[in-house]
Amino acid sequence: AGTLCVLVLTRTVRRMTRSTLLGCVAGLLLAVDGLSVVQSRFALLDIFLALFVVAGFGCLVVDRDRFRQRLAAAAESGRYGPRAGFRPWRLAGGVLLGLSCGVKWSGIWFLAGFAVLSVVWDLTARRSLGLTRPAAATAVRDLPGAAGALGLAPVLAYVATWAGWFLGENSYGRHWADTNAGYWSWLPGPLRSLLQYHWQMWDFHSGLSTPHSYQSSPWGWLLTGRPVLFYYPSDPSPTGCGAQTCVRTVLDVGTPALWWAFAPAVLWAGWVAVTRRDWRGWSVLFAFGAGWGTWFLNPGRTMFLFYMTPLVPFLVIGVTLALGAVLGPAGASERRRTVGLVAVCGYVALVVVNSVWLWPILTGQLITYEECRARIWFPSWI
């Protein structure tokens, strides 16, 4: 799943920027991110959530391009502009985002944010046609289809992830409705049982505040301030590393050279989104709100740094957009492009070197205790 995230992100950024170089830069940055590497190797739910979210977003980006191509090629216009017809890429995006909710409920925020963003893209596309009432045109021509592809389809995809629960006679709470009636008794029993199960899950997780030594606040996530220790043997002194004391450890930590650029990248995305009306900047902001801002809705909940996993690809997009500005436009002078290319390559090289340096504590390599301590940069990493 982590490897596929790299591939999907590369293709998506290439489409967003029309630059193969920047697409490959984005893929490389994600591939060497420490947190993404650890999540991929340990296969926690968050890496699968990230794959469905990134793939769903990629489908919506393709849909945006195809939609604009259809509008430009349409001969008839009328009061509300041309019809777009069936939009398979939007439907695929809705299904994938629905599946992300089946992995973890935090996918709901990405679904909601990207659904709004997709409709806004429709609005701006119709406005570019010069229509006098683009909002009304979007409501009439595009909103019904969006409700189906980004509303109904994700719900059906989510319910489909419960197929095993429906088919299993011994599934937890499967027959709750057989002995319980209520206001929803008109619904089929299995569906009422599922709704009851969801209520129990919501009630449990909304109040989950069990203290944990590696819990952290979203305020520190962007600086990878409190990573999670995934592995450290009870006997920290195996032999074979050439020293008296050897260790193996896995620390779920982001690559600092990359992560410390996230906050400036979000600010840059906000700047280009507002001043240049750049849709790519708005994409980063919507994802940032869904993957970071929403965690503040329940500040008392026990949270961990790896909740950032599905957001990291979009923050990488933000960094890549900033690097694109450093690189300069295609029509710039050769000297300007050369200086920009050197700066971009230098930064990417720095991130790669930083990741290589951290590799032993990302993958549980046998190293000396001193080598391990040299890679623990801050007391909060212990």
Can you tell me if [X] uses its side chain to pair, donor with acceptor, with the backbone of [Y] under 3.5 Å?
{"X": "R127", "Y": "A135", "value": "no"}
{"X": "S36", "Y": "V32", "value": "no"}
{"X": "T224", "Y": "V253", "value": "no"}
{"X": "S355", "Y": "V351", "value": "no"}
{"X": "T302", "Y": "T210", "value": "yes"}
{"X": "R375", "Y": "E371", "value": "yes"}
{"X": "T255", "Y": "G34", "value": "yes"}
{"X": "N354", "Y": "A257", "value": "yes"}
{"X": "W199", "Y": "L195", "value": "no"}
{"X": "W268", "Y": "A325", "value": "no"}

To the nearest 0.5 Å, what is the distance between [atom1] on [X] and [atom2] on [Y]?
{"X": "L285", "Y": "D278", "atom1": "CG", "atom2": "CG", "result": "10.0 Å"}
{"X": "L341", "Y": "R336", "atom1": "CG", "atom2": "CZ", "result": "11.0 Å"}
{"X": "L111", "Y": "L97", "atom1": "CG", "atom2": "CG", "result": "5.5 Å"}
{"X": "L30", "Y": "T10", "atom1": "CG", "atom2": "OG1", "result": "8.0 Å"}

Side chains of R14 and L21, heavy atoms from C-beta outward: is any pair under 4.5 Å?
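No, too far: nothing below the 4.5 Å cut-off.
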
Minimum-distance pair of heavy atoms, taken over all atoms of [X] and [Y]:
{"X": "S380", "Y": "P227", "result": "O-CD, 4.0 Å"}
{"X": "V37", "Y": "A31", "result": "CG2-O, 3.5 Å"}
{"X": "A26", "Y": "V13", "result": "CB-CG2, 3.7 Å"}

In terms of relative ring orientation, are F230 and F42 parallel, tilted or perpendicular, with 30° and 60° separating the classes?
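Judged by the thresholds at 30° and 60°, the geometry between F230 and F42 is perpendicular.
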
Classify the ring geometry between W282 and F286 as parallel (under 30°), tilted (30 to 60°) or perpendicular (over 60°).
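Ring orientation, 0 to 90° scale: perpendicular.
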
Are [X] and [Y] an aromatic pair by the rule of ring centers under 6.0 Å?
{"X": "F296", "Y": "W219", "answer": "yes"}
{"X": "W292", "Y": "W221", "answer": "no"}
{"X": "Y158", "Y": "H198", "answer": "yes"}
{"X": "W295", "Y": "W109", "answer": "no"}

Using a distance-only test with no angle check, is there a side-chain donor-acceptor pair under 3.5 angstrom linking [X] and [Y]?
{"X": "R174", "Y": "S193", "answer": "no"}
{"X": "Y197", "Y": "W162", "answer": "no"}
{"X": "W259", "Y": "D33", "answer": "yes"}
{"X": "R68", "Y": "T124", "answer": "yes"}
{"X": "S118", "Y": "R90", "answer": "yes"}

Checking side-chain contact (heavy atoms from CB on, under 4.5 Å) between I317 and each of L9, T17, V312, which is the one that passes?
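Among L9, T17, V312, the one that satisfies the side-chain contact (heavy atoms from CB on, under 4.5 Å) with I317 is L9.
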
What residue among V95, L60, L91 forms side-chain contact (heavy atoms from CB on, under 4.5 Å) with L150?
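Answer to the side-chain contact (heavy atoms from CB on, under 4.5 Å) test with L150 among V95, L60, L91: L60.
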
Here's a test for you: under salt bridge (Lys or Arg N to Asp or Glu O under 4.0 Å), which of R64, R70, R66, R87 qualifies with D122?
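Between D122 and the candidates, salt bridge (Lys or Arg N to Asp or Glu O under 4.0 Å) is satisfied uniquely by R87.
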
Could you pull out all residues at least two apart from D252 that satisfy salt bridge (charged side-chain N to carboxylate O under 4.0 Å, His left out)?
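Checked D252 against salt bridge (charged side-chain N to carboxylate O under 4.0 Å, His left out); zero matches.
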
Ring-face cation contact, W176 with R192, 6.0 Å cut, 45° max:
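No cation-pi geometry.
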
Should we say atom CD of E169 is surrounded by more than 12 heavy atoms from elsewhere, each under 6.0 Å from it?
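Atom CD in E169 is crowded, with more than 12 foreign heavy atoms closer than 6.0 Å.
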
Qualifying ring pair (Phe, Tyr, Trp, His ring centres under 6.0 Å) pairs with a residue from residues 314-353, counting only residues at least two apart or across chains
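The answer is F57-F314, F114-F314.
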
